[in-house]
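Values below: all heavy atoms of this structure, side chains included; hydrogens, waters and symmetry mates excluded. Chain identifiers are assigned alphabetically (A, B, ...) following the order of the sequence lines, protein sequences preceding nucleic acid strands; residue numbering begins at 1 within each chain.
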Amino acid sequence: MTKYPFWPILNDMVKYQPKSLDAVFSALADPTRRAIVEQLSGQELSVSELAEPFSMSLPAISRHLRVLEHAGLLVQERDGRIRHCHLDPEPMQAAAAWLAKYTQFWQDQFDSLSAFLQTAQTQPQEKEHEPTDDSS
Amino acid sequence: MNQLMTHLEKTGASLVIRQIFPATPERLFAAWTNPEQMNAWFHPGGQMKSITAVNLTVGGHYRIEMRSEKSGPYVVQGVYREIIPNKKLVFTWRWVAEDAEPETLVTVDFIPVGAAETEIVLTHDHFIQAEERDNHGEGWQGTFVQLAAHLT
């Protein structure tokens with residue numbers, strides 16, 4: 001049986017698991033939150049360590065942290081009086097997977113459009129001005 | 001993760017794909033909106049066919065069924081949010097299936113390049129619900145304004 005390479009793409013797209021990708025993408029749409037995520041890459045930091053590079057109040061940083069936490073991107077753990085933050089890689093991977101899937105899907109669509117433009121070239125269909133004997 | 005972050009840096013959490021096609025904006029806009037033409041190409045593979053219905057008005061629906069001999073149909077549908085003939089299309093995108101992902105948003109810009117070519121810039125945004133937005137200041141309309149500025 002022939003394997004169609006695009007089936008996994010479509011199958012993946014119509015059957016979809018994480019409902020929370022909306023929250024992940026909206027969390028990552030903010031540059032401060034992206035900077036926070038990048039800071040936490042490969043390490044764990046306390047909230048005050050995280051807040052330090054930003055010229056922003058601690059409550060403002062905490063608001064961003066809550067958004068990231070709500071999206072499942074960030075985990076806060078209390079160790080005595082200090083809150084430590086680290087990333088949960090799963091939502092990032094899910095977001096990256098979504099982007100990869102649709103990048104592939106739309107590129108395949110564009111390939112299909114290119115092929116269509118070539119085959120349709122010899123058939124005058126539209127009313128705009130195109131040479132009808134164009135064969136290149 | 002670095003690749004993802006670089007991408008998000010540039011696009012503000014949108015997926016953006018661009019390609020130049022050897023056709024005028026008028027021809028491409030027709031390919032994207034005429035149901036007979038969409039039947040011929042709007043599917044990610046040569047063995048597939050599509051059945052398309054389009055009501056090309058703001059608030060109007062479209063529906064595309066993609067299938068091949070052995071598989072499908074895969075059905076996607078949505079509503080047109082913005083239509084600028086030969087320049088721009090904005091439509092929601094939702095797979096009709098159990099457990100399908102939530103509605104997302106697609107923007108297609110048709111940008112003339114010289115006399116006979118067009119760059120298509122396709123933006124696919126995962127989140128479109130205004131209520132999903134948190135305090136990130138801009139909102140997705142702001143993202144679009146940024147993106148439009150980025151394109152020109």
Side-chain angles (χ1 to χ4, degrees), chain A residues 1-2 4-7 9-11 13-19 21-34 37-38 41 63-64 66-67 70 87 89 92-93 95-96 98-99 102-121 125-126 128 130, chain B residues 1-5 7-9 12-15 17 19 21-24 26-28 30-32 34 36-37 40-48 66 68 70-72 74-76 95-102 104 120 122 124-129 132-138 140 143:
Chain A
M1 177 149 71
T2 320
Y4 295 96
F6 41 78
W7 292 135
I9 295 168
L10 288 176
N11 281 329
M13 280 189 295
V14 297
K15 280 171 60 167
Y16 177 86
Q17 296 83 33
K19 296 179 291 189
L21 268 194
D22 266 16
V24 174
F25 278 110
S26 83
L28 293 174
D30 177 272
T32 302
R33 290 197 287 268
R34 284 200 296 274
V37 166
E38 284 188 289
S41 169
R63 260 204 309 278
H64 282 303
R66 275 201 300 280
V67 172
H70 169 73
L87 293 180
M92 291 292 287
Q93 286 163 0
W98 189 88
L99 286 172
Y102 271 106
T103 299
Q104 183 69 61
F105 174 77
W106 288 115
Q107 278 173 350
D108 289 347
Q109 295 282 70
F110 277 6
D111 288 346
S112 185
L113 176 57
S114 290
F116 168 73
L117 290 173
Q118 284 176 0
T119 59
Q121 217 165 349
Q125 289 177 358
E126 299 84 36
E128 74 260 5
E130 256 185 290
Chain B
M1 171 166 113
N2 282 336
Q3 211 175 13
L4 171 65
M5 295 310 284
H7 175 93
L8 294 178
E9 221 24 83
S14 303
L15 183 158
I17 300 179
Q19 184 168 323
F21 293 87
T24 60
E26 291 74 18
R27 181 120 193 279
L28 284 168
W32 275 83
N34 176 294
E36 281 81 40
Q37 293 186 46
W41 74 269
F42 201 95
H43 37 252
Q47 293 89 351
M48 298 187 82
M66 302 178 236
S68 80
K70 307 203 178 178
S71 221
Y74 300 90
V75 184
V76 66
W95 294 100
V96 180
E98 230 177 271
D99 303 330
E101 65 186 20
T104 54
I120 291 186
L122 185 142
H124 197 151
D125 282 298
H126 188 281
F127 70 100
I128 59 169
Q129 316 297 336
E132 297 271 356
R133 260 185 290 126
D134 268 288
N135 309 327
H136 68 75
E138 301 151 327
W140 64 262
T143 305

Any side-chain heavy atom of B/W32 sitting closer than 4.5 Å to one from A/L113? yes
Separation between CZ (A/F105) and CG (B/L15), nearest 0.5 Å, reads 11.5 Å
For B/I17 and A/Y102: C-alpha separation, side-chain torsions, deciding distance, then whether side chain to side chain contact (heavy atoms under 4.5 Å, CB included) applies. CA-CA 10 Å; B/I17 300 179; A/Y102 271 106; over 6 Å; no
Using only heavy-atom distances, determine whether the side chains of A/W98 and B/E101 contain a donor-acceptor pair under 3.5 Å. yes
Heavy-atom nearest pair, B/H43 first then A/Q109, reads C-OE1, 2.7 Å
Short side-chain to backbone donor-acceptor contact, A/S112 and B/G45, under 3.5 Å: no
With chain B, which of A/T103, A/T32, A/V24 has the greatest number of heavy-atom pairs at distances under 4.5 Å? A/T103
Kindly indicate whether the side chain of A/L117, heavy atoms from C-beta on, has any atom under 4.5 Å from the side chain of B/W41. no
Quick one: side-chain contact (heavy atoms from CB on, under 4.5 Å) partners of A/S114, sequence neighbours excluded? B/Q19, B/F21
Of all residues at least two apart in sequence or in a different chain, which pass the side-chain hydrogen bond (donor to acceptor under 3.5 Å, both in side chains) check with A/W106? B/H124
